**Q** 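Pasting a structure here, questions to come.
Computation of the quantities below employed the complete heavy-atom set of this structure, encompassing side-chain atoms and omitting hydrogens, waters and symmetry-equivalent molecules. Values in this document were obtained by computation on a predicted structure and should not be read as measured data.
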Amino acid sequence: MVKFCCAFGCNEKFIKGGPITFHCFPKDETRRKLWESKLKRENFKATNYSTICSRHFSEGCFEREKLGGTWLKKDAVPTIFDFPSHLKREDNERKAPKERIILKRQNSFEEQSNSDMKSLPKKKRCCYLGDFDESDMHSPTKAVKVLQKAKEEKTKKNRKLKALQQQNGKLKKRVASLEQILKEIKKKSFITDAASDVLELSLTGPAEQLLKRTQFYPNKAYEYVRRTFSTSLPHPATLRRWCKTVEGNPGFTHEAFITLKQKSTEAMSAGKKIICCLIVDEISIRKHIEWDRDKFSGYVDLGTQLDNDCLPPAKQALTFMLNALNANWKIPVAYFLIDSLNALERSNLISECLRLVFDTGVEVTALTFDGTSINISTANNLGTKIQEKDMKPYFPHPITSEKVFVILDVCHMLKLVRNTLASK
């Protein structure tokens, strides 16, 4: 969808990579109305898709210290417009004394007429059976109308009763115990024999534990149990919330570094030191904004937890993962929702990750990512020289200054060679 500026007389439209940026109206109702009044457009009501271009904001309205885009300050208001002469006049011009006196008399006359209208008796509503009372039965006309309304109400109630009886007749036979539920699930081949053995061990424990374990097996098993009890069991989303132990917000994962600290302590007690390779990769994601009961998710987020609809939707996830070289495990340590990041910003994130990993006692000796141009520039910013002559395939660690070698992903490099040969 093409974005246009909704200011008076402005014909700017969104061009990707252009110098003009577009900004959504604020969520706050007071500030949104203030922006709408500044536009001076009659009967204009901003929507979630209405935007104003950066030409209508002064230089002091922008946050120049933030990275990753062009940001407005929280109190920014559009003030630069090219209005015609009749719109440049002040809205609150002082009226002449005679005109004010005339308006005052008109207002007093309207107030008097409104009070007279209120004193008139209201017409009785006769739309539902409850609108009639006993006095209405003395009139034959109203009595006939009461009978008609009563028949209509009876017909509606009969239809509703019949629908409920049909729905109740379609309900499946209740299962009396958890043992019978397990037998029915196994009979319908919703779970395997191994899963059945695990669930049988859960029958003696709390029912919550059985529900949690059932949810991890095929969805049909839990859906059958939930339908059997007429949806009185928790929704699968509630079960996922019970089982969640990690927040999972964008940024560096605190629980991952706690686990790294524990593994480092165990290795040092055995006289060893854990050596890892940091793997950085990008994953394309679908642009989607979703409300998760606390805030909107899907906007660009570098771990700052900002909730602002002026942020662009994220289209990629930048992931960081540690792969142990002298052990058999991998741990994701961070991810960031991004729209686009330059080489300097990526190198800053990698340096920060190396500092946090160093605090856990784990040593990082290698960095691996795809051989794209942006990753080559990132490596050069870190201190390497990936070039044909005088190649320097390592950079100093930000704390220990030891060599951290850059290893480009072999599969991706072979793919680039294939694409280059195919194009020629």
**Q** Measure the CZ-NZ distance between Arg159 and Lys162 for me, rounded to the nearest 0.5 Å.
**A** 10.0 Å
**Q** Working to the nearest 0.5 angstrom, can you tell me the gap between Trp35 CH2 and Cys24 SG?
**A** 8.5 Å
**Q** Look at the side chain of Asn323 and the backbone N and O of Cys277, then say whether any donor-acceptor pair between them is shorter than 3.5 Å.
**A** no
**Q** Quick one: does Asn158's side chain have a donor or acceptor within less than 3.5 Å of a partner on Lys154's backbone?
**A** yes
**Q** Look at the side chain of Ser264 and the backbone N and O of Leu260, then say whether any donor-acceptor pair between them is shorter than 3.5 Å.
**A** no
**Q** Rounded to the nearest 0.5 Å, how far apart are CZ of Phe44 and OG of Ser50?
**A** 4.5 Å
**Q** Is the shortest heavy-atom distance from the side chain of Lys263 to the side chain of Thr265 under 4.5 Å?
**A** no
**Q** Suppose we screen for ring pair (Phe, Tyr, Trp, His ring centres under 6.0 Å). Which residues come up paired with Phe257, at least two apart in sequence or across chains?
**A** none
**Q** Has Arg355 got a side-chain atom pairing as donor or acceptor with Ile350's backbone, closer than 3.5 angstrom?
**A** no
**Q** On a heavy-atom basis, which atom in Val404 and which in Leu367 lie closest, and how many Å separate them?
**A** CG1-N, 4.2 Å
**Q** For the side chain of Asp339 and the backbone of Ala314, is there at least one donor-acceptor N/O pair under 3.5 Å apart?
**A** no
**Q** Could you give all pairs that pass the side-chain hydrogen bond (donor to acceptor under 3.5 Å, both in side chains) test and reach residues 389-409, with sequence neighbours left out?
**A** none
**Q** Check this for me: does any side-chain nitrogen of one of Lys33 and Glu36 sit under 4.0 Å from a carboxylate oxygen of the other?
**A** no
**Q** Looking at CD of Glu345 and CD1 of Ile338, how far apart are the two atoms once the value is rounded to the nearest 0.5 Å?
**A** 9.5 Å
**Q** Checking the side chain of Asn342 only, and the main-chain atoms of Leu344 only, is there a donor and an acceptor separated by less than 3.5 Å?
**A** yes
**Q** Test side-chain contact (heavy atoms from CB on, under 4.5 Å) on Thr365 and Phe405; report intermediate values, then the result.
**A** CA-CA 6 Å; Thr365 60; Phe405 290 86; 5.8 Å; no
**Q** Do Arg346 and Glu282 meet the salt-bridge criterion of a basic N to acidic O distance under 4.0 Å?
**A** yes
**Q** With distance as the sole test, does Asn326 use its side chain to make a donor-acceptor pair with the main-chain N or O of Lys273 at under 3.5 Å?
**A** yes
**Q** How would you list, by chain and number, every residue that makes a ring pair (Phe, Tyr, Trp, His ring centres under 6.0 Å) with Tyr335, sequence neighbours excluded?
**A** none
**Q** Determine the minimum heavy-atom distance between Cys6 and Phe25, stating which atoms define it.
**A** SG-CE1, 3.6 Å
**Q** Would a distance-only check, ignoring hydrogens and angles, find a side-chain to backbone donor-acceptor pair under 3.5 Å from Thr384 to Phe395?
**A** no
**Q** Nearest 0.5 angstrom please: Leu408 CG to Thr368 OG1, how far?
**A** 8.5 Å
**Q** Between Phe252 and Phe336, is the gap from one ring center to the other below 6.0 Å?
**A** yes
**Q** Minimum heavy-atom separation for Ile376 to Gly371, with atom names?
**A** CG1-O, 4.2 Å
**Q** Can you name the nearest heavy-atom pair linking Ile386 to Asn380, along with the distance?
**A** N-OD1, 3.3 Å
**Q** Measure across Val364 and Leu354 and return the closest heavy-atom pair with its distance rounded to 0.1 Å.
**A** CG1-CD2, 3.7 Å
